[in-house]
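Everything on this sheet refers to the single structure shown next.
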There are 4 protein chains.
Amino acid sequence: MHVRPGPDRLRHWEQRTDLPLLVASPVFLACYAVRVLAQGADPLLRDLALALALTIWTGFALDYGVRLVLSGQGIGFVRTHWLDTVVLVLPLLRPLRIVDTYTKLQRRRERPRLSLYGRVMSYASITSVLLSFSAALAVYQLERNAPDATIVTFGDSVWWACSTITTVGYGDATPVTPLGRACAVLLMACGVALLGAVTGSFSSWLIQVFGREDRDGHEPPVGR
Amino acid sequence: MHVRPGPDRLRHWEQRTDLPLLVASPVFLACYAVRVLAQGADPLLRDLALALALTIWTGFALDYGVRLVLSGQGIGFVRTHWLDTVVLVLPLLRPLRIVDTYTKLQRRRERPRLSLYGRVMSYASITSVLLSFSAALAVYQLERNAPDATIVTFGDSVWWACSTITTVGYGDATPVTPLGRACAVLLMACGVALLGAVTGSFSSWLIQVFGREDRDGHEPPVGR
Amino acid sequence: MHVRPGPDRLRHWEQRTDLPLLVASPVFLACYAVRVLAQGADPLLRDLALALALTIWTGFALDYGVRLVLSGQGIGFVRTHWLDTVVLVLPLLRPLRIVDTYTKLQRRRERPRLSLYGRVMSYASITSVLLSFSAALAVYQLERNAPDATIVTFGDSVWWACSTITTVGYGDATPVTPLGRACAVLLMACGVALLGAVTGSFSSWLIQVFGREDRDGHEPPVGR
Amino acid sequence: MHVRPGPDRLRHWEQRTDLPLLVASPVFLACYAVRVLAQGADPLLRDLALALALTIWTGFALDYGVRLVLSGQGIGFVRTHWLDTVVLVLPLLRPLRIVDTYTKLQRRRERPRLSLYGRVMSYASITSVLLSFSAALAVYQLERNAPDATIVTFGDSVWWACSTITTVGYGDATPVTPLGRACAVLLMACGVALLGAVTGSFSSWLIQVFGREDRDGHEPPVGR
C-alpha cells in the first residue's frame with residue numbers, strides 16, 4: 001500500500017479519527033478501572049476489561065503510526081508531537097490529550113461556547129479530575145500489597161490523590177513503593193501546573209466580572 | 001394563580017428578595033452551628049435551631065421555584081443557574097452565593113466602593129472564611145464520634161479547615177470517615193480557587209500600588 | 001495645649017516620625033526576641049528588654065494618638081487606618097508597616113531604585129521573613145511548656161514557620177495550644193498572601209526579562 | 001600582567017567562557033553526586049570525583065575573579081553580581097546560573113526558539129529539577145547518619161525534594177538536623193518562586209492558546 005504523505009491527507013485522517021479517539025480514551029480508563037477495582041469479581045470480566053484496554057491501546061498505536069507516516073516528518077514527528085509520544089507510552093496520562101481533541105472537535109461544530117477563562121478553567125479542571133483518577137488507580141494497584149502501606153483501599157488512594165493535586169499534602173496516606181512514588185511525582189508535576197491554570201483563570205475571570213460592573217453601570221439586564 | 005413569566009417580573013422578584021436572602025444565609029449558618037455545637041445545652045434550643053434552619057431552607061427552595069417559573073426557561077433554569085441549584089441541594093455551600101447577592105445590592109445603593117482588586121480580595125476572603133466555617137462545622141459533626149478520629153473538638157476542626165484552605169495541610173488533624181473526606185475535598189476544590197483569587201488580586205494590587213508611586217512622583221497628598 | 005488638626009500638620013508630623021518609627025520597629029522585635037530566647041541569661045537583661053519593648057510600644061501608641069488628633073477624622077481614623085490600628089494592638093504584626101514606612105522614606109530621597117517587580121518582590125520577601133520571625137518567637141513562647149508539644153526548641157519553631165509560610169506544611173512540628181494555633185492562622189493568612197505577591201511578581205519579572213530579549217536583539221550591552 | 005578593565009574586554013571574556021562554564025556546571029554536580037552516592041565503590045573513584053569537583057570550583061573562582069577585575073567596579077561587583085557571588089560560595093545553587101548562561105549562548109546562535117511562555121516554563125522547570133537534585137544530594141549527605149532520621153536512602157531524599165518543591169509537603173520524610181533543615185529552607189525559598197513561575201507562565205500560555213482559537217477561526221493549518 002502506497003501512502004503519499006501530505007498535510008491534506010493528515011488533516012483528513014485527523015478529522016475522521018478525532019471523535020473515535022475522544023470516545024476511546026474514557027473507555028480505556030474505564031477498562032483499567034474495572035481491571036484494578038473489580039478484584040473479587042468474575043475473572044472473565046477482568047480478562048475482558050484487559051483485552052478491551054489492550055485493543056484500544058493498539059488502536060492508539062496504529063493512529064500514532066499512521067500520523068507519523070502521513071506527516072512526512074519521519075522520526076522528527078516523535079519530537080514535534082512529544083505529548084502524543086508520551087501519552088502513547090504512558091496511556092494513563094491520556095487525559096492530557098482529551099482536552100486538545102475535544103477542543104478541535106468543538107471548533108468544527110460552532111456550538112455556543114464558554115468565555116475564554118471559562119474554557120481554560122473547565123478544561124484544566126476536567127484534566128485535573130481525570131488525571132487524579134488515573135493516578136489514584138495506578139497508585140492503588142501499586143501500593144495495596146506493599147508492606148507498611150498507608151494506602152490500602154481505593155478510598156485512601158482517591159483521598160491521597162485529591163490532597164496531592166491541590167498541594168495540601170496531609171501525609172496521612174502516602175505511597176511507599178518506588179513505583180508508587182514515581183506516579184505521585186508525575187501527578188504533582190502535571191497537577192500543580194493544571195491547578196495553577198484553574199486558579200489563575202478563576203482569578204482573572206473574577207477580576208473581569210468585578211471590572212465589568214464598573215463599566216456596565218448599576219442595572220445589568222437580567223437575561224445576561 | 002396565573003403567573004406570566006418574563007424578565008420584568010423576575011427582576012422585580014429578585015429586587016425584593018435579595019435583601020431577605022442575604023440576611024437569611026448567615027442566620028441559616030448560625031442555626032446549623034447552634035445545632036452542631038450546643039450539644040450539652042437545652043434540647044429545646046437545639047430543636048429550635050433545627051426548626052429555624054429547616055424553615056429558612058424551605059424559603060430558599062420556594063425562592064428557587066418562583067425564579068424557575070418566572071424565568072420561563074423551564075428545566076433549562078437548573079443548568080443556566082447551576083450554582084443556585086448546587087447551593088440549594090448543599091445549603092452549607094450557600095456562602096458562595098452571599099458574595100453575588102451582596103454585590104447586586106451594593107450596585108443599587110451607589111455607596112463609595114473599594115477599588116477593583118480590593119473588592120475581589122474582600123469578597124474572596126469573606127467567602128473563604130464562611131466556607132471554612134461551614135466545612136469545620138460539617139466535618140466536626142461527621143468526625144467527632146468516629147473511631148481513630150484525629151478531629152475530636154471543634155477547635156481541631158477549625159484548625160484543620162484553616163490549614164486546608166491555605167493548602168498548608170499539616171496532617172496532624174485530618175478527617176477519616178468517607179463523608180468527612182468528601183466535605184474536605186469540596187473545601188479543597190472551592191477553597192483553593194478562592195484563595196488563588198485572594199492571592200492573585202493582592203499581588204496585582206501591590207504591583208498597582210508600587211507602580212502608582214512611579215507616576216505620582218515623590219509627595220503624594222496625605223489625604224489619599 | 002491647643003492642637004489645630006489639618007493635613008499640613010499631619011504631613012509635617014509624619015515626615016519627622018517616619019525615620020524613628022522605622023528604626024523602632026526592629027528594635028522592638030529584637031527586645032521581644034531577647035525576652036523570649038535569653039531564658040538562662042541574667043534576669044536584668046530580660047527585664048531591660050521588657051522595659052525597652054514597653055517604652056517603644058508606648059511611643060507607637062503616642063504616635064497613633066497624635067496622628068488620630070491631627071487627622072481631624074476623630075474615630076473614623078480607626079477605620080481608615082485599620083492597618084495602623086491592628087499593628088498597634090498586635091505589635092508583632094508591625095513588620096507589615098515597615099514596608100510602607102520605608103517606601104515613604106525612599107520616595108523623599110530619590111535614590112536609584114529597583115524595578116517595579118523588584119520592589120514588590122523585595123518588600124514582600126522582607127515582610128515575609130520578619131513576619132515568620134515574629135510568628136516563630138510567639139509560637140515558641142506559647143508552645144515550649146505545653147504538654148505533648150512538638151515545638152520544643154526555637155529551631156523547631158523557625159522550621160515550623162518556614163514550612164508554614166511557604167505552604168509546604170510538613171506537620172512534623174505544629175502548634176498544639178489554642179493560642180499557638182491562633183498565631184499560626186494569622187501567619188498563614190498574612191503569609192500566603194505575601195508569598196503569592198513574591199511568586200506573582202517573580203513570575204511577571206521573569207516573563208518581562210525573557211520578553212525583553214526578543215525586542216533587544218542578540219547582543220545586549222554588558223553594562224546593562 | 002597588566003589588565004586594563006573595560007566593557008569590551010569583559011564582554012570578550014564572557015563570550016569565551018560562557019560555553020565552558022555551561023558545561024562545567026553539570027559536571028560539577030555529577031562529581032558531587034558520585035562523591036555522595038558511590039559510598040561502597042572504589043575509594044579512588046570517590047577521590048577522583050572530589051578532585052575534579054574542587055578543580056571545577058577553582059575554575060569558577062578564577063572566572064569570578066577575572067570578571068571582577070575586568071568590570072572595573074572593584075568591590076561593587078560583589079553587590080551588582082550578587083547571584084554570581086552566592087553561587088560561588090554555595091556551588092550547589094549553581095543551577096540558578098545555568099539558565100542565564102544558556103540563554104546568552106542561545107541568543108548568539110539564532111536557533112529557532114520556543115515562544116516566550118515556553119521559554120520561561122522550560123527554564124524555570126529545568127532550574128527546579130536541577131535544584132531539587134542538588135538539594136536531595138545535600139540533604140541525603142547531611143541526614144543519612146543522623147539519629148531518628150526519616151531520610152535514610154537517596155530515594156527518600158528525592159521523594160522529599162519533590163514533595164517540597166511542589167509545596168505538597170507530606171511530612172513522611174523530613175530533615176531533622178539543623179544543616180539539613182537549612183538546605184530545606186533554601187530549597188523552599190528558591191523552589192516556590194521557580195514553581196510559581198512555571199505555574200504562572202503555563203496559565204498565561206494556556207489562556208493565550210485558547211484565546212488564539214477565537215481569533216483564528218475554525219480550521220487552523222495542520223502545519224502549525
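We name chains A, B, ... by the order of the sequence lines, and we start the count at 1 in each one. Note that the structure is predicted; figures quoted are calculated from it, not measured.
D:L206 has its side chain out of reach of A:R119: every pair of non-hydrogen atoms, C-beta onward, lies at least 4.5 Å apart.
With a 4.5 angstrom heavy-atom cutoff, D:I165 does not touch chain A via any of its atoms. Residue A:L194 touches chain D through both its backbone and its side chain, counting heavy-atom pairs closer than 4.5 Å. Within the 4.5 angstrom heavy-atom criterion, atoms from both the backbone and the side chain of A:V192 approach chain D.
Exactly one residue among A:T150, A:V176, A:T174, A:D172 makes a side-chain contact (heavy atoms from CB on, under 4.5 Å) with D:D172. That residue is A:T174.
Nearest heavy atoms, A:A193 versus D:F202: O-CD2, 3.3 Å. Of all heavy-atom pairs between D:T199 and A:G196, the closest is CG2-CA, 3.1 Å. Residues D:S203 and A:S201 come closest through the heavy atom pair OG-N, 4.3 Å.
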Could you walk me through whether D:T166 and A:T167 pass the side chain to side chain contact (heavy atoms under 4.5 Å, CB included) check?
CA-CA 7 Å; D:T166 56; A:T167 78; 5.6 Å; no
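With 3.5 Å as the limit, one finds no donor-acceptor pair spanning the side chains of A:S163 and D:Y170.
How far SG of D:C162 is from CG of A:L187: 12.0 Å, rounded to the nearest 0.5 Å.
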